[in-house]
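All values below come from the heavy atoms of this structure, side chains included, with hydrogens, waters and symmetry mates left out. Note that the structure is predicted; figures quoted are calculated from it, not measured. Chain letters run A, B, ... following the sequence lines, proteins first and then strands; every chain starts at 1.
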Number of protein chains: 2
Amino acid sequence: MGEEKILVVEDDKQIKKFIRYALEKEGYIYSGADNAQDALEILVTEDIQLILLDLGLPDFDGMEVLEKVREWADIPVIIISSRDQDEDKVKALDQGADDYLTKPFSIIELLARIRVAIRHINKLSTDNLKPIFTIGNLKLDVENHNFYREGERLHLTPMEFKLLEILFKNAGKVLTTQNIIRQIWGPGYGNDTQALRTLMAGLRRKVEENAAKPQYIITEIGIGYRLRDE
Amino acid sequence: MGEEKILVVEDDKQIKKFIRYALEKEGYIYSGADNAQDALEILVTEDIQLILLDLGLPDFDGMEVLEKVREWADIPVIIISSRDQDEDKVKALDQGADDYLTKPFSIIELLARIRVAIRHINKLSTDNLKPIFTIGNLKLDVENHNFYREGERLHLTPMEFKLLEILFKNAGKVLTTQNIIRQIWGPGYGNDTQALRTLMAGLRRKVEENAAKPQYIITEIGIGYRLRDE
DNA sequence: TTACTTTAATTAAATCTTTATAAAGATCAA
DNA sequence: TTGATCTTTATAAAGATTTAATTAAAGTAA
């Protein structure tokens, strides 16, 4: 999130500076062009995720840039223009622009519309929001709620799954029993370490080859547990 | 193309009439609601492709409609509002709206922005278009609304079909009961897991050889259901 | 009507908690 | 270092609780 590279095509230095400041503050990577020629150059050499395009450029009309981009890629394009005629907006939007802002515009609106555009591309690429953890021959797919050992899917109870997820999220680190208990049973739960031990025994029976000699879930006596992560 | 059904949520009869005329002239199918209540009602009963939403509604705030819709589906929403404060725009766009137009707006700009939104959903749906699902000896033809087991066509009730479609679309993943309920009955529906269980029993009787030992629709106790996908 | 959906009641199953006991590790005096 | 003792952890099994499946009956809409 927030690491998208945005190309700003605008000849007014003042406005460009202003936009650059706002974008970088939000965590985006900025790239700038003063004219159509440079913009197209940057587009083929850099990995741009979104374009902010002014229509009034010194060399070509911004519409030509839009046309060239659309021949070639589906990068979202937000037009920023001083032309406020409806016909201009319609033409640009039908030419493939994703949004159209008229100058002067507020920077918070611009940023919100950038977020909308990025949401759209993320939906296209069907990003996996939740990670898939893999350690040794164990695999935990949190998104789809699946656990595999040596490629074979094994059933975990809800609490076993939750416990294993906590361990995976902190792989390599030692978690205190109290910490784990609080994460599973919530705060206000007594220090019922016995319940955790029982749960742990059941989980180990499924995770480990030999539960008596754990290879993954290591006990740190007097402290808690740790998932081996080499 | 041009046969999308558009829901217009707006209490001003004048504006609604105006928009209706424009939409129908463009070949869209019009559907109208005066308030939030009716809007949600229509959303669960009709197959809506796009929503034009006024924020100033008589019963609830339009933002609540937006929130409910987003809990449940990815239908594009274009806000049409007389509130022209930047903060309102940012809030709505971040809440999941796809565009924001301030009244008074020109009808040609509205139509252009509708075309942009529809372009987006068409891009989404052509990328992951799978009209006929097959798993084991089950076949689901969503396009023609047919279900086959071992080549033999079986009748499913509308809700059974919808449920099976959801399962097929997420084959291999575990779907929570709450998630399934929302997808079938729509937003604002209580956590009536019992209705789902009954529906599931009926579906299993048709899908499974032996409903007592399901081979396809697996129960993940404490979580939800999963369609086996190997 | 007829087919479908929802509600309700009963039965069944899986999961969670508790308890008892065994095993492993730590401590300390001689 | 050794062995007695205490502390901590592991496992198994019984009981309690939660969750799901099934069936039948009542309500709804075409």
Which heavy atom of I135(A) sits nearest to which heavy atom of Y216(A), and what is that distance? O-CE2, 3.9 Å
What's the shortest heavy-atom distance between D86(A) and S106(B), and which atoms?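 Minimum heavy-atom separation between D86(A) and S106(B): OD2-CB, 3.0 Å.
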Between R182(B) and T176(B), is any side-chain donor less than 3.5 angstrom from a side-chain acceptor?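 There is no such pair between these side chains.
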I want to verify a distance call: between [options], whose nearest atom is closest to the [X] side chain?
X       : options                  : result
M159(B) : dA10(D), dT22(D), dT6(C) : dT6(C)
Y225(A) : dT9(D), dC16(C), dA21(D) : dT9(D)
R197(A) : dA13(D), dT8(D), dC4(C)  : dT8(D)
T219(A) : dT23(D), dT5(C), dT9(D)  : dT9(D)

If the cut-off is 4.0 Å, is [X] near the phosphate of [N], judged by side-chain N/O to OP1 or OP2?
X       : N       : result
W185(B) : dT5(C)  : no
R205(A) : dA12(D) : yes
T198(B) : dT5(C)  : no

Let me know, please, whether P158(A) or E160(B) comes out on the 5' side of the other along DNA chain C by nearest nucleotide.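 Looking at the nearest nucleotide for each, E160(B) comes out on the 5' side.
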For Q194(A) and for G222(B), locate the closest nucleotide of DNA chain C by heavy-atom distance; then report the residue assigned to the nucleotide nearer the 5' terminus. G222(B)
Describe, in one word, how the ring planes of H120(A) and H120(B) are oriented to each other, choosing from parallel (under 30°), tilted (30 to 60°) and perpendicular (over 60°).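 Geometry flag for H120(B) against H120(A): tilted rings.
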